[in-house]
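Structure first, commentary second.
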There are 2 protein chains.
Amino acid sequence: MTNKKKTTIKDIASVLNISAAAVSKALHNDSRISDKTKIAVRQVAKNLNYQPNHLASALRSGKSNLVGVIVPKTNSNFFSSVIENIEQVLNKEGYNIIITQSNESFKKECDSIDTLLFTQVDGIIASMANETTDLVYFKKIKKNGIPLILFDRGENNLNVDYVGIDDYASSSLIVEHLVNQGCKRIAHIGGYKRTRIFNNRIRGYVDALNKFNLPLDKELLIESSLTIEDGRAKMQQLLALKNKPDAVYVAGDYAALGAQQVLLENNIKIPQEIALVGFGNEPFTAMLTPSISSINQHSDEIGKKAAEAFLVHAKNSSFTQTLNKIILNAELIIRDSSNKKNQ
Amino acid sequence: MTNKKKTTIKDIASVLNISAAAVSKALHNDSRISDKTKIAVRQVAKNLNYQPNHLASALRSGKSNLVGVIVPKTNSNFFSSVIENIEQVLNKEGYNIIITQSNESFKKECDSIDTLLFTQVDGIIASMANETTDLVYFKKIKKNGIPLILFDRGENNLNVDYVGIDDYASSSLIVEHLVNQGCKRIAHIGGYKRTRIFNNRIRGYVDALNKFNLPLDKELLIESSLTIEDGRAKMQQLLALKNKPDAVYVAGDYAALGAQQVLLENNIKIPQEIALVGFGNEPFTAMLTPSISSINQHSDEIGKKAAEAFLVHAKNSSFTQTLNKIILNAELIIRDSSNKKNQ
DNA sequence: TATATTTGCTTAAACGTTTAAACAAAGGTA
DNA sequence: TACCTTTGTTTAAACGTTTAAGCAAATATA
């Protein structure tokens with residue numbers, strides 16, 4: 001009942017009176033081992049409930065078969081779906097993933113990187129914390145010669161692989177849609193400008209306004225942490241303006257939810273008085289009343305592409321990490337919160 | 001620029017002209033090594049950017065310092081917060097965690113267990129998938145002699161540690177509160193009865209009705225998967241009754257959100273016509289209009305206690321796994337959705 | 001002074017695997 | 001017959017640590 005010793009290849013070898021090396025080769029289907037031996041080895045392995053010691057093979061081969069994944073927080077559908085897809089692709093190739101949450105904290109992110117390096121992961125796939133501006137720890141990953149793949153929050157000057165959607169074009173899509181709905185004063189509750197993706201969304205917004213000959217009103221462009229709470233606060237700020245907007249484009253769904261609550265509490269009709277568009281296509285956007293239009297970020301594709309990008313490096317050990325952007329087209333899902341024609 | 005060989009203790013040893021063993025001991029602050037040598041070793045280690053090889057020490061010591069965590073899905077605040085707290089406690093003790101999501105699928109859960117066993121984790125902390133009724137894979141963990149700690153969805157007959165809240169008493173708290181609000185027909189949209197925690201909530205509900213001399217109407221007791229979508233469906237089912245309820249207690253916040261949407265769409269006043277209570281205290285419950293009353297499951301405490309329970313086993317290697325339930329008192333957070341006095 | 005203890009290190013084996021090199025036996029080729 | 005190839009295996013070293021055992025030198029004890 002107590003800790004019986006684990007079965008090793010030596011145990012199998014001694015049962016069959018062959019060498020441990022032969023067992024190892026038989027289990028790896030080496031062409032120089034006879035079918036007879038292979039079958040016998042597999043049978044004994046099964047009988048003794050043999051489980052290969054991953055640590056020993058990892059030590060010998062210099063590969064841990066572990067990939068680290070760092071996300072700001074797993075509690076959104078976007079990140080949990082990305083992770084799920086990374087896991088799916090990598091498990092098939094014999095890799096396991098270690099997930100860590102940075103909680104949007106720079107310090108926690110640095111700790112996570114140290115931990116993952118210590119654990120000898122074969123690669124790191126990461127989306128950066130909101131706070132992060134100093135890239136020294138990500139450079140440390142590169143210095144260690146470990147493949148680094150960034151996604152979503154990660155576009156930068158590190159010259160590594162990046163997988164994400166076209167944020168600039170997404171903003172354009174949204175503004176165009178709102179203009180088509182007859183909106184003239186379109187506000188943007190954006191993320192922090194220092195984060196590249198949010199900056200791209202802001203640039204896309206500004207350039208699109210320009211394209212449609214709408215003036216840029218600085219009061220209508222606000223930076224936010226994009227939490228529900230901050231979405232509420234920034235919406236209240238917009239409602240306090242003398243000249244209110246007739247549409248609000250929020251760079252995150254949670255903040256859009258907060259904004260919507262404030263609008264509803266103030267009995268403002270959505271989309272007639274103020275139209276609302278979010279970003280991320282979290283499942284709840286479809287379930288709210290009114291449902292919120294949003295940008296589908298293709299979390300499944302992002303996860304798969306990121307995992308595949310890692311595998312490319314893992315297979316060519318002589319890799320040199322260079323800038324390699326994989327940009328997916330995003331898709332605007334139009335729902336009730338911005339669809340006047342449907343009302 | 002390319003993969004320079006990693007520094008090992010041998011490199012440090014040869015620089016100082018001492019043995020590798022001395023270096024190892026110096027780094028572990030062995031009392032039999034002189035301060036002079038310790039200081040020199042640490043200095044050289046730093047200069048050469050030495051990173052201990054976790055795989056080698058794990059192989060030698062038979063411990064991987066990895067703990068597997070299996071959750072149904074990370075995308076709720078409850079699970080991501082439990083994970084965060086587990087990580088915090090375990091990192092301090094030198095452990096890293098590997099998180100896997102079962103996606104509520106029995107098969108995926110089994111795969112996760114196999115993967116974690118293969119990775120030689122030192123322990124597994126898990127919350128079971130909705131689908132799981134067959135415990136054969138969890139028994140496999142026990143058979144492997146690896147500590148198993150269950151939390152939230154995991155109460156069962158496996159005779160292992162369990163950390164969770166008092167679901168039975170929570171139901172009682174809710175029913176009592178609703179009775180105090182003057183409700184007489186209290187419905188319960190519960191989870192699947194086969195899952196112990198949901199069964200406990202159902203029993204608590206039934207017994208509490210009895211205690212307050214309210215009749216049990218089978219039409220008002222419904223099993224659900226507790227997703228937003230199913231919460232909507234089950235609420236619609238309740239509204240279709242000739243004799244509608246005047247309160248609904250939903251065993252999960254996401255389903256409660258779905259239920260609330262249906263109520264709002266039907267212009268039913270909350271809580272005056274129908275009062276609503278959820279379960280889990282997801283942050284969004286406080287942000288909705290009306291805010292939803294809910295049960296605080298103390299995710300932080302659950303995470304910490306689960307990690308501590310693992311550490312107890314890890315420190316006494318001669319452990320025998322027995323039933324050890326840690327049940328936390330839950331707390332009812334009363335908000336607008338069930339507070340008539342406030343309206 | 002002789003003996004015991006402490007200090008500070010070294011040696012060597014071990015953890016469980018993988019793999020290059022060696023080699024015997026069997027079969028093929030000229 | 002003499003040599004080459006293929007087949008199927010063994011031997012031994014290696015991956016980077018940890019740790020029990022050993023030992024010489026310094027210090028303490030009587």
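Here is how names work: the chains are called A, B, and so on, in the same order as the sequence lines, proteins then strands, and each is numbered from 1.
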Residues that B/Asn47 engages under side-chain hydrogen bond (donor to acceptor under 3.5 Å, both in side chains), provided they are two or more places apart: B/Gln43
B/Glu109 side, atom CD; B/Asn130 side, atom CG - distance, nearest 0.5 Å: 10.0 Å
A/Asp161 and A/Asn324: side chain donor to acceptor below 3.5 Å: yes
Contact residues, residues 13-21 of chain A to DNA chain C [heavy atom, < 4.0 Å]: A/Ala21
Interatomic distance, A/Asn29 CG vs C/dT18 C1' [rounded to whole Å]: 16 Å
Ionic contact status for A/Lys107 with A/Glu131, cut-off 4.0 Å: no
Euclidean distance, atom CG of residue A/Asp30 to atom C1' of D/dT10 [Å, nearest integer]: 13 Å
Length of the line joining A/Lys25:NZ and C/dT19:P, which is rounded to integer Å: 9 Å
Under 4.0 angstrom between A/Ser34 side-chain N/O and D/dT7 OP1 or OP2: no
Protein-nucleotide distance (A/Leu27, atom CG; C/dT17, atom C1'), rounded to Å: 11 Å
With sequence neighbours excluded, residues passing side-chain hydrogen bond (donor to acceptor under 3.5 Å, both in side chains) with A/Asp134: none
Between the first and last five pairs of the helix from C/dT1-D/dA30 to C/dA30-D/dT1, the angle of the axes, rounded to 10 degrees: 50°
Within 6.0 Å of NZ in B/Lys305, more than 12 heavy atoms from elsewhere: no
side-chain contact (heavy atoms from CB on, under 4.5 Å) against B/Asn91, all qualifying residues, sequence neighbours excluded: B/Glu87, B/Asn96
Taking only N/O atoms, report every protein-nucleotides 14-16 of chain D pair under 3.5 Å with atom names and distance.
residue : atom : partner : partner atom : Å
D/dA14  : N3   : A/Arg60 : NH1          : 3.0
D/dC15  : O2   : A/Arg60 : N            : 3.3
D/dG16  : N2   : B/Ala56 : O            : 3.3

Phosphate-side-chain proximity, A/Ser31 and D/dT7, N/O vs OP1/OP2 below 4.0 Å: no
Gap between atoms CZ and C1', on A/Phe118 and D/dT17 respectively (whole Å): 11 Å
Non-hydrogen atoms of A/Leu135 and A/Leu158 that approach each other most closely: CD1-CG, 3.9 Å
NZ/NE/NH1/NH2 to OD/OE distance under 4.0 Å, A/Lys108 and B/Glu84: no
Value rounded to 0.5 Å, distance of OG in B/Ser81 from CD in B/Gln297: 10.0 Å
Nearest-Å distance for atom pair CZ/C1', residues B/Arg32 and D/dT19: 13 Å
Distance, nearest 0.5 Å, that separates CD1 of A/Ile302 from OG of A/Ser127: 8.5 Å
